[in-house]
Number of protein chains: 2
Amino acid sequence: MERKTRQRDAIRQVFEEIPRPLGPQEVLDAGREHVAGLGIATVYRTINALLDTGWLVPVELPGEPPRYERAGAAHHHHFHCRGCARVYEIPGCPGDLQELTPAGFALEGHEVVLYGRCARCAAA
Amino acid sequence: MERKTRQRDAIRQVFEEIPRPLGPQEVLDAGREHVAGLGIATVYRTINALLDTGWLVPVELPGEPPRYERAGAAHHHHFHCRGCARVYEIPGCPGDLQELTPAGFALEGHEVVLYGRCARCAAA
DNA sequence: ATAGATGCAAAGGGTTTGCACTTGA
DNA sequence: TCAAGTGCAAACCCTTTGCATCTAT
C-alpha cells in the first residue's frame, strides 16, 4: 500500500459508504461507479492489502464466502437474513461460553451467527 | 439412492466409523480402504444424495469448507481446535439468543462455534 | 525515471457435470 | 436386460498469479 491510486481510493470509499459486510463482487460493482475500468484482481489485491494493514477485518459466516468490513467496531456478531441474504451487525454477545467448553479445552474465541428474517423480509 | 452399491456402503460406513464431521477428501481417503478405486465424484454425489435423504447434515464452520456428519444428534455446537484443526461436538447451547435479535427481526436459528485448543493441544 | 499498481488472461483449488462403461436388481 | 451408478476428464466458479502496460512519486 505504498501509493495512493484512484482504484484504492474507490475501494476504501465503498466500505465507508456501505455499512455492512461486503464480498469482493459487491465491492467491484460499487467501486466501478467511481472508477469505470476497475478490475476484480485489483479488488482482491486491495482487500488483502487492507486486511494486512488492519483497516479491514474478515466476516466469515458458515457456508458463505468471506465478506469484509471496516475494522474498529466493538465485539459483535451477525444476523444473516434468509430472505435478502444481507448480513446485519448485532451489538450483543451471549457471554458465558466458557461453561460450554469441555474440560481441558482452552477457549480462545467464539463466533455466533443468528439466522432468520430481517425486519423488511419478516413484514413481507 | 435407488441401488445399493459397494461405493455407497463404503461411504456410509466411513461416517459410522469416524465420529466427527468429515470433509469430502477425508471421506475419499477413508472410503478407499474399503473400495480401492473409489472416485471423488462418487463421494460428492453420494454425500449430496445422503444430504437429500436426511441421513447426513452439513457442518459449516466460518471460513472452512463444509464438513458432514450423521443426522440425528441432538442440538449441539462445535469447538474448532486451532492446533490440530479438528472439530469437536459440544453438547450445550447458550440459549437466550432471542434477546440479541433486533426488534422486528424474526429469529429462526443460530450457530455457535468456539475456537481454542483441544485438551491434547492445550497440554502440548 | 522507475518501482509500484493495474488489467487482462491464464493458472489453481475445490466441486459439479457430461459421457461412455459398469453393474445391481 | 437396461437404467442407475461409477470413474474419468472437462467444465465451472471463485481467487490468485504472471506479465506487459500504466502511473504516482
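Reminder, nothing fancy here: chain letters follow the sequence lines and each chain counts from 1.
- Distance Leu38(A) CG to dA5(C) P: 15 Å, rounded to the nearest Å.
- With hydrogens and angles left out, the side-chain atoms of Glu60(B) and His78(B) include no donor and acceptor closer than 3.5 Å.
- Summarising the geometry, the separation between CD on Gln7(A) and P on dG4(C) is reported as 17 Å, rounded to the nearest angstrom.
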Query raised in the report: What one-letter contact string describes nucleotides 20-25 of chain C from 5' to 3', where B marks a base within less than 4.0 Å of any protein heavy atom, S marks contact via sugar-phosphate atoms alone, and - marks no contact?
Result: ---BBS

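- Using a 4.5 Å heavy-atom threshold, the side chains of Val87(A) and Phe79(A) count as separate.
- Distance Leu28(B) CG to dT6(D) P: 13 Å, rounded to the nearest Å.
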Requested in this report: List the steps, then state whether salt bridge (Lys or Arg N to Asp or Glu O under 4.0 Å) holds for Glu89(A) with Arg20(A).
Outcome: CA-CA 7 Å; Glu89(A) 287 192 9; Arg20(A) 55 190 177 83; over 6 Å; no

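- Rounding to whole angstrom units, CG of residue Asn48(A) and C1' of dT16(D) are separated by 9 Å.
- Between the CG atom of Asp9(B) and the P atom of dG5(D) there is a distance of 13 Å, given to the nearest Å.
- The 5' end of DNA chain D is approached more closely, in terms of each residue's nearest nucleotide, by Val35(B) than by the other of Val35(B) and Gln25(A).
- Under the 4.5 Å side-chain heavy-atom criterion for ILVMFWY residues, a single connected hydrophobic cluster contains both Met1(A) and Phe15(A).
- For the pair Arg12(A) CZ and dA5(C) P, the interatomic distance rounds to 11 Å; values are reported in whole Å.
- Taking atom CZ on Arg45(B) and atom P on dC8(D), their separation rounds to 11 Å, with Å as the unit.
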Counting only pairs under 3.5 Å, give me each side-chain donor-acceptor contact of residues 109-124 of chain B, with atom names and distances, residues two or more places apart or in other chains.
| unit_1 | atom_1 | unit_2 | atom_2 | d |
| --- | --- | --- | --- | --- |
| His110(B) | NE2 | His75(B) | NE2 | 3.2 |
| His110(B) | NE2 | His77(B) | NE2 | 3.2 |

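- At least one side-chain nitrogen or oxygen of Arg8(B) sits closer than 4.0 Å to the OP1 or OP2 atom of dT6(D).
- Ile47(B) has its side chain out of reach of Leu50(B): every pair of non-hydrogen atoms, C-beta onward, lies at least 4.5 Å apart.
- Side chains of Asp9(B) and Gln13(B): a donor-acceptor N/O pair is absent below 3.5 angstrom, by distance only.
- Considering only the side chain of Ala41(B), dC8(D) comes nearest among dG7(C), dA5(C), dC8(D).
- For Ile40(A) and dA10(C), the CD1 to P distance is 18 Å, given to the nearest whole Å.
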